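Worksheet: one structure, shown below.
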Number of protein chains: 2
Amino acid sequence: MAHQTVGHVVRPGLPDDPRADVAAPTPSCPVEVTLAALRGRWTTLVVRELLRGERTFTELAQALPALSDKVLADRLAQLARSGVLVRDRRPGFPPRTSYRLTPQGHRLGPVLQALWDWGAEG
Amino acid sequence: MAHQTVGHVVRPGLPDDPRADVAAPTPSCPVEVTLAALRGRWTTLVVRELLRGERTFTELAQALPALSDKVLADRLAQLARSGVLVRDRRPGFPPRTSYRLTPQGHRLGPVLQALWDWGAEG
DNA sequence: CAGCATCCATTCAGATACTG
DNA sequence: CAGTATCTGAATGGATGCTG
């Protein structure tokens, strides 16, 4: 009977954290934080490209030819806001902006792997 | 130099599978499969409730009071289609339907844990 | 009890055109 | 090159009312 916090019922497979009990999809829930970072079409594919290394806007557009400029810009801004990647604007002309994952962004690797594993087996 | 398949470049953190190279968000990508199963507001919270055990429609509605009947029914249908849970309609009156996770549904535990972990640390 | 049908507001993706 | 602005259509979420 050790390992069981007094006054708690067992919650199989879930962290012993008050945020595991939220009754609504609040932004403070860690699961929501991650899903918000990955939300939207194309997002995981952009992250996948950057897991392979630094990329410019054009390189990302070439790797994902069916992705429009607008949505790519949207996704990059979203991922930057989430702390997943950083912009690196190079001065001069023509302008070059490259994108690379932050340490936090690299830690999405295991998350994508978990998503992959479930979908690959089922 | 062992461990490296001939003719492949290294893809850090990504499976050595052709589906890891898709150029668009196709339904055949395992990551998309999982994200499709978890898509939509409230979905992960419904799964969380069922990770704790079998629940009826009403019990789920009580655990998530801000979730409308329509969306709850939508989510349950979506999760059933994805093979995450099974409906158990009890005959007689009043009707009772309970929901429980399939083995596959239980395997979402580690996926939610990975999402949690990233969002909790960052 | 466990839902489905209908309607409405909001969000989202994509297309097109334009710019520092 | 690397975006922004604007518009349109599709998908989504939520409210309300009805039914086997």
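Note that these values count all heavy atoms, side chains included, but never hydrogens, waters or copies made by symmetry. Quick note on labels: first sequence line is chain A, next is B, and so on, each numbered from 1. Just so you know, these numbers come straight off a predicted model, no measurement behind them.
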Considering only nitrogen or oxygen atoms on both sides, find all protein atoms under 3.5 Å from nucleotides 9-13 of chain D and state each distance.
from: D:dG13; atom 1: OP1; to: B:Arg41; atom 2: N; distance (Å): 2.9
from: D:dG13; atom 1: OP1; to: B:Arg75; atom 2: NH2; distance (Å): 2.8
from: D:dG13; atom 1: OP2; to: B:Arg75; atom 2: NH2; distance (Å): 2.5

Let's go through B:Gln113 and B:Asp117 carefully: what are the C-alpha distance in whole Å and the side-chain angles of both, what is the deciding distance for side chain to side chain donor-acceptor pair (under 3.5 Å) to 0.1 Å, and is it a yes or a no?
CA-CA 6 Å; B:Gln113 184 71 54; B:Asp117 290 344; 2.9 Å; yes
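- As rounded to whole Å, 15 Å separates atom C1' of C:dA2 from atom CD of B:Glu54.
- The separation between B:Asp69 atom CG and D:dC18 atom C1' is 12 Å, rounded to whole Å.
- Closest approach to the A:Ala73 side chain among D:dT4, D:dA2, C:dA2 is made by D:dT4 (side chain taken as heavy atoms from C-beta onward).
- What separates CZ of B:Arg89 from P of D:dG20 is a distance of 15 Å, to the nearest Å.
- Atom CZ in A:Phe57 sits about 15 Å away from atom C1' in C:dG20, given to the nearest Å.
- Comparing atom distances between the B:Pro95 side chain and each of D:dC1, C:dC4, D:dG20 picks out D:dG20 as nearest.
- Checking each of A:Arg89, A:Arg90, A:Arg55, A:Glu59 against A:Ser98 for a side-chain hydrogen bond (donor to acceptor under 3.5 Å, both in side chains) leaves exactly one that passes, namely A:Arg90.
- B:Leu38 has its side chain within reach of B:Val111: a pair of non-hydrogen atoms, C-beta onward, lies under 4.5 Å apart.
- Here the closest non-hydrogen pair linking A:Arg87 and A:Ala80 is NH1-CB, 4.2 Å.
- Judged by closest nucleotide on DNA chain D, A:Leu76 is the one of B:Phe93 and A:Leu76 placed further toward the 5' end.
- With hydrogens and angles ignored, the 3.5 Å screen pairs a side-chain donor or acceptor of B:Thr26 with a backbone N or O of B:Ser28.
- Between B:Leu72 atom CG and C:dA5 atom P the separation is 16 Å, expressed in whole Å.
- Closest to the side chain of B:Thr58, out of C:dC1, C:dG20, D:dA15, is C:dC1.
- Protein atom CD of A:Glu59 is 13 Å distant from nucleotide atom C1' of D:dA2, rounded to whole Å.
- Residues forming a side chain to side chain donor-acceptor pair (under 3.5 Å) with A:Thr43 (at least two apart in sequence, or on another chain): A:Arg75.
- In the set D:dT4, D:dA2, C:dA2, the nucleotide with an atom closest to the side chain of B:Thr56 is C:dA2.
- A 4.5 Å side-chain heavy-atom check between B:Val46 and B:Leu64 finds at least one atom pair inside the cut-off.
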